[in-house]
Amino acid sequence: MRSHGDLVEAADLTVQVAEDYQHLLGDDHPNTVGVQGNLGLVRWRLGDHAEAGRLVEQALRGMTAALGADHPWTLGCALNAAAVRRLSGRPEEAAALREDTLRRARGAVDEGHPLLLACLGALTTEADEPPGWDFEPQPI
């Protein structure tokens, strides 16, 4: 829904999924953490940048704790966090995180993997919004 521009409905649905995951899986499960990051991306596009930043950073911390710093899901959260940092006026922090994420991605995935390509793109883009590296939960 977010990609089709229905941001309010996307936010409502993402909140419902996040609540369901919290109830079924717990606060620290990667699916729960990832959906919180997705909600951060929706909040950014709705203009709630402070809450978006909080959610995206929370997702990065949670994914790192749950899966480790080099897991592709964690690296996707890092790309989103780097973009939000840059767009929030913290370009030095953003650059350091982007470079670290690229280094980790090179060790975690094969050349040509979409995540690695996204990392390389993040080093050269100055987009006006986060890349939207969505967490795609697996069936439970």
Side-chain angles (χ1 to χ4, degrees):
M1 280 178 235
R2 186 180 80 220
S3 63
H4 296 290
D6 192 346
L7 297 175
V8 173
E9 189 173 347
D12 292 344
L13 181 60
T14 306
V15 166
Q16 183 59 54
V17 170
E19 289 172 357
D20 290 347
Y21 279 177
Q22 285 172 325
H23 175 73
L24 293 169
L25 304 172
D27 291 339
D28 300 328
H29 191 279
N31 287 11
T32 305
V33 172
V35 170
Q36 290 293 334
N38 289 355
L39 181 58
L41 298 175
V42 175
R43 293 281 187 233
W44 183 273
R45 286 174 178 84
L46 285 169
D48 189 357
H49 296 166
E51 178 66 2
R54 186 188 72 74
L55 288 166
V56 168
E57 294 288 345
Q58 178 182 315
L60 176 56
R61 286 189 305 274
M63 208 61 85
T64 301
L67 299 174
D70 297 334
H71 191 281
W73 290 356
T74 305
L75 297 170
C77 287
L79 284 180
N80 290 334
V84 167
R85 289 176 188 184
R86 182 182 61 77
L87 293 167
S88 298
R90 298 161 37 206
E92 295 84 14
E93 290 179 42
L97 183 56
R98 284 192 314 253
E99 290 168 14
D100 181 62
T101 302
L102 174 61
R103 182 184 58 76
R104 290 179 183 284
R106 283 194 164 126
V109 298
D110 295 330
E111 291 294 322
H113 188 282
L115 177 63
L116 185 56
L117 298 175
C119 288
L120 291 168
L123 290 174
T124 61
T125 188
E126 295 296 322
D128 292 334
E129 60 183 49
W133 184 268
D134 276 336
F135 166 76
E136 298 290 337
Q138 303 303 306
I140 51 176

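Counting from 1, the numbers follow the sequence of the chain as shown.
Between L87 atom CG and R85 atom CZ the span is 12.5 Å, to the nearest 0.5 Å. If you take CG on L39 and CG on D48, they are separated by 9.5 Å, rounding to the nearest 0.5 Å. Distance check: L41 CG to C77 SG gives 8.5 Å after rounding to the nearest 0.5 Å. For the atom pair Q22 CD and N31 CG, the distance stands at 12.0 Å (nearest 0.5 Å). Note that the CG atom of L97 and the CD atom of E93 stand 9.0 Å from one another [nearest 0.5 Å]. Separation of atoms CD (E57) and CG (N80) is listed at 10.5 Å; rounding is to 0.5 Å.
Each of M63 and L60 belongs to its own hydrophobic cluster when Ile, Leu, Val, Met, Phe, Trp and Tyr are linked at side-chain heavy-atom distances under 4.5 angstrom.
In this structure, L46 and A11 approach most closely via the heavy-atom pair CD1-CB, 3.9 Å. Residues A108 and L75 share a closest heavy-atom pair of CB-CD1, 4.1 Å. Contact detail for T101 and A78: the closest heavy-atom pair is OG1-CB, 3.2 Å. Contact detail for G112 and L117: the closest heavy-atom pair is O-CD1, 3.6 Å. Here the shortest heavy-atom pairing between G40 and A52 reads O-CB, 3.1 Å. A59 approaches G37 most closely through the heavy-atom pair CB-CA, 3.6 Å.
Side-chain atoms of R103 and D100, non-hydrogen and from C-beta on, do get closer than 4.5 Å to each other.
In summary, the side chains of Q16 and D12 do not present any donor paired with an acceptor at a separation below 3.5 Å, with no hydrogens or angles considered.
A donor-acceptor distance shorter than 3.5 angstrom exists from the side chain of T32 to the backbone of G26, with no hydrogens or angles considered.
Residues satisfying the salt bridge (charged side-chain N to carboxylate O under 4.0 Å, His left out) criterion with R43, sequence neighbours excluded, are absent altogether.
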